[in-house]
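Order of the sequence lines fixes the chain letters, A, B, ..., with proteins taken first and strands second; residue numbering starts at 1 for each chain.
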Amino acid sequence: MSIVTDIKKAAAKALQALYNVNINEADVLVNSTKPEFDGDYTIVLFAFVKQLRKSPEILGKEIGDYLMANELQLFSRFNVIKGFLNLTIKDTYWLHFLSSQYNNAAYGVQAHNGTRVMVEYSSPNTNKPLHLGHLRNNFLGWSTAEILKASGNEVVKTCVVNDRGIHISKSMIAWQWFGNGATPENTGIKGDHLVGDYYVMFNNEYKKEVEQLISKGASKEEAEQQAPIMEAARQMLVDWEKGKPEVRDLWQKMNSWVYKGFDETYQRIGTDFDKVYYESNTYLLGKDLVEEGLQKGVFYRKEDNSVWVDLTADGLDEKVVQRKDGTSVYITQDIGLAEQKQKEYNIQQSIYVVGDEQNYHFKVLKLICQKLGLPSADGIHHLSYGMVELPTGKMKSREGTVVDADDLLDEMVKIAAQKTEELGKIKDFNEDELKELYNTIGIGALKFFILRVDPKKRMVFNPEESIDFHGFTAPFIQYTYARIKSILRKENSAIQAANTGNVLLPLEKELIVQAEQFPTIIAEAAEAYDPSKVAVYIYNYAKTFNSFYTEHSVTNAESAEKKNLRLQLCVLTAHIIKTGMCLLGIEVPERM
RNA sequence: GGCCCCGUAGUUCAAUGGAUAGAAUAGAAGUUUCCUAAACUUUAGAUACAAGUUCGAUUCUUGUCGGGGCUACCA
């Protein structure tokens, strides 16, 4: 139960008592009071003015008087400016909150509420290594899953590996043609990068062949169709589907290189899954649902034997769900997998972390599932995120303008090391500790940079300028944490639960007010599937702590009560920072 | 062509229809006998444009201009 909820309840009660009107507490608008006014929280009165036919000033005064008289434990004073009723909460309320929660390391985390949610994220193709765009997906998916857990859901993290299809066939062909038996072992190249190199080689060769054919008089379309390497890749896909042993062996071998490479990267960035689906196992799912859909009249068959769904009544197009040759298209297996997930895990919600270029696809997917009456249908939610762009524009693999994930992580750690050494505070760190610290700072900075932005929005990553360790960044927050821990290491004496005095200085109070909001923030972030809410909150909270830290001494506080109070504040702040950063997948160092 | 999304300080990001549009960074000026200056304090700087709805619009509606995405019997 949050203080804001209490205020809303009290306001609804006041309105009932004073004017005999029934106002839903959810309709009472309560904001944080702007710093330039006196108060902690503000009730916005405009909404009631018309209905009650009273001026905002009088309304505010009457409600304020009522609250002072009837909610003695909550409010100490109020003022009314225009339509805003500014309320000040009693210091004793805040002090009690602090004393009761400071020692709760799990503060902000809710108990299980019985809802089970699946979060599908990462879902890579196995023909090339991860790049910056995949990192946003991974950070977002992992963090959203953790936030959902913290707000009381049981979460199943899952990944659908796109391990079959024309893309991997391309890498395989290029490897056969140009590889000379290259392996990660004999080249020293990380497996996913090695396979990606052959994908690039495929495209280079393909381009060359197309140009040659065009110079011999073929049209562009003909050339693209007839290029020998493309024909070979298509044949390889056919052979794969037939289960031709050599092809399957090569496929397995090359995929295993990729998985090993991915695992390394995943480990570095903390990505993990409870369940992994492979498309080579799931791509035939959904075929029976096509039959079912035909019987239910959701789908219809055209003369050429292809099967369609008509979504024009819902403002969308007609969509094919089975080709005329009887093979299924991408969306068919998605429908099948949606059903499979539901059957296997009995989930209430199924979240797909996928880029916004697939908005239409997921609209269609959900609609079809609903029309088929699948129990999982209404729980489908596309967590759509914007592309990561470079200052020069969108990243394109073919034009070589991708920021490789492994390279970027290396670069971040390198810069973290360099900046840390410049500051010269690490004399008593050993080598392992330094390595860990550089990882914590460098990878933390990257995660925070990406997660602090609203997922829905496109974002720009500038390799030169985006790598910052000051201001609105993870290292800022990590530094705040390290300074708190430094204080707490020095203060061995037990912190008392009581004995915190009864008056709060402005910065002491501000810290508690913000701390009290933490569970609400987590709930909002979970509701919106938006880790940036947590990132912004933790940053602001750390900022308040830094002001407090500069202004007031903890160890040399002016009285024993103040020292005890501030130690409680330190402990609570450390817990909140650690928990909040943990929800973002970012570690916090004891020293830095 | 049709459908969808986005235009906020030089730059990168905020702002459930609410008070004087917040941060960070880059710029200017300060703070270290005192718990870590990766910090703190002060300062200057923005809602693409035009109408409309409203007591009140960055937010909702319409139009203009600018940017992006989707619109495959590809995945």
For nucleotides 39-41 of chain B, which of its nitrogen or oxygen atoms have a protein nitrogen or oxygen under 3.5 Å away, and what is each distance?
from   : atom 1 : to     : atom 2 : distance (Å)
B:rA39 : OP1    : A:G471 : N      : 3.2
B:rA39 : OP2    : A:H470 : ND1    : 2.9
B:rA39 : O3'    : A:N546 : ND2    : 3.4
B:rA39 : O2'    : A:R483 : NH2    : 3.0
B:rC40 : O4'    : A:T550 : OG1    : 3.4
B:rU41 : OP1    : A:S547 : OG     : 3.0

(request) Give RNA chain B the dot-bracket treatment, 5' to 3': Watson-Crick (N1-N3 with N6-O4 or O6-N4) or G-U (N1-O2, O6-N3) under 3.5 Å, [ ] crossing, | other strand. (result) (((((((..((((....[...)))).(((((.......)))))....(((((..]....))))))))))))....

Between the protein and nucleotides 45-47 of chain B, which nitrogen or oxygen pairs are less than 3.5 angstrom apart?
none

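- Comparing B:rU47 with B:rG10, their P atoms are spaced 9 Å from each other, to the whole Å.
- Of the residues in residues 31-55 of chain A, those placing a heavy atom less than 4.0 Å from an atom of RNA chain B are A:N31, A:K34, A:F37, A:T42, A:V44, A:F46, A:K50, in numerical order.
- With no hydrogens or angles considered, a side-chain donor-acceptor pair links A:S384 and A:N359 at under 3.5 Å.
- Judged by distance alone, the side chain of A:H134 and the main-chain N or O of A:H131 form a donor-acceptor pair under 3.5 Å.
- Regarding A:K457, its NZ atom lies at a distance of 8 Å from the C1' atom of B:rC6, rounded to whole Å.
- Rounded to whole Å, the distance from CD on A:E551 to C1' on B:rU31 is 12 Å.
- Looking at A:H361 and A:D334, their side chains do bring a donor and an acceptor atom within 3.5 Å of each other.
- Spacing between atom NZ of A:K425 and atom P of B:rA37 amounts to 6 Å, rounded to whole angstrom units.
- A donor and an acceptor atom, one from each side chain of A:S532 and A:D454, are nowhere located under 3.5 Å apart.
- Using a 4.0 Å heavy-atom distance criterion, A:I441 is classed as a base contact.
- Atom CD of A:E433 has more than 12 neighbouring heavy atoms from other residues, nucleotides or ligands inside a 6.0 Å radius.
- The environment of CD in A:E279 is crowded: more than 12 heavy-atom neighbours from other residues, nucleotides or ligands sit within 6.0 Å.
- Among the atoms of the strands shown, base atoms are found under 4.0 Å from some heavy atom of A:N86.
- Using a distance-only test at 3.5 Å, with no hydrogens or angles considered, no donor-acceptor pair links the side chain of A:R591 to the main chain of A:K425.
- No hydrogens or angles considered: nothing links the side chains of A:Q322 and A:S328 as a donor-acceptor pair under 3.5 Å.
- For the pair A:F84 CZ and B:rG17 C1', the interatomic distance rounds to 11 Å; values are reported in whole Å.
- When the C1' atom is compared between B:rU43 and B:rG52, the two are found 39 Å apart, to the nearest whole Å.
- Within the cation-pi definition used here (under 6.0 Å to the ring centroid, within 45° of the axis), A:K302 qualifies as a partner of A:W308.
- Counted by atom type alone, A:T544 and A:S547 present zero donor-acceptor pairs between their side chains at under 3.5 Å.
- The same atom, P, is picked in B:rG27 and in B:rU64; the two are 42 Å apart, to the nearest Å.
- Taking atom C1' in both B:rC35 and B:rA21, one finds a spacing of 37 Å when rounded to whole Å.
- Side-chain N/O atoms of A:N255 and A:T126 include a donor and acceptor closer than 3.5 Å.
- Contacts of A:V536 with the nucleic acid, taken as non-hydrogen atoms under 4.0 Å apart, are absent.
- In this view, A:D6 satisfies the salt bridge (Lys or Arg N to Asp or Glu O under 4.0 Å) rule with no residue, not counting sequence neighbours.
- Between A:S486 and B:rC35, a side-chain N or O to OP1/OP2 separation shorter than 4.0 Å is absent.
- At a threshold of 4.0 angstrom between heavy atoms, the contacts of A:M592 include nucleobase atoms, whether or not backbone atoms are also involved.
- Between the P atom of B:rU25 and the CZ atom of A:F448 lies a distance of 13 Å, rounded to the nearest Å.
- Checked by atom type and distance alone, the side chain of A:N162 never pairs as donor or acceptor with a backbone atom of A:P124 at under 3.5 Å.
- Annotation: B:rG22 and B:rA46 have their P atoms spaced 12 Å apart (nearest Å).
- Between the A:N137 side chain and the A:S122 main chain, a donor and an acceptor come within less than 3.5 Å of each other.
- A:T573 and A:Y541 are linked by a side-chain donor-acceptor pair at a separation below 3.5 angstrom, with hydrogens and angles left out of the test.
- If you take atom C1' in B:rC6 and the same atom in B:rA26, they sit 25 Å apart, rounded to whole Å.
- Here B:rC3 presents its P atom at 17 Å from CG of A:L311, a figure rounded to the nearest Å.
- Side chains of A:N546 and A:R483: a donor-acceptor N/O pair is present below 3.5 angstrom, by distance only.
- Using a 4.0 Å heavy-atom distance criterion, A:T327 is classed as making no nucleic acid contact.
- A cation-pi contact, defined as under 6.0 Å to the ring centre and within 45° of the axis, is absent between A:R452 and A:Y539.
- Between B:rA57 and B:rG17, the two P atoms lie 14 Å apart (nearest whole Å).
- When the C1' atom of B:rA14 is taken as reference, atom CZ of A:F472 falls 8 Å away, rounded to whole Å.
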(message) Within the 4.0 Å limit for protein heavy atoms, which parts of nucleotides 68-75 of chain B are touched? Write it as a string from 5' to 3', B for base, S for sugar-phosphate only, - for none.
(response) SSSS-BSB

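- Judged purely by distance below 3.5 Å, without hydrogens or angles, the side chains of A:S280 and A:D163 pair a donor atom with an acceptor atom.
- Taking the C1' atom of each, B:rC49 and B:rG7 are spaced 11 Å apart, rounded to whole Å.
- Between A:R452 and A:E590, it is A:R452 whose nearest contact on RNA chain B lies nearer the 5' terminus.
- Summarising the geometry, the separation between CD1 on A:I81 and P on B:rG18 is reported as 18 Å, rounded to the nearest angstrom.
- When each of A:D454 and A:K419 is assigned the nucleotide of RNA chain B with its nearest heavy atom, A:D454 is the one assigned upstream, toward the 5' end.
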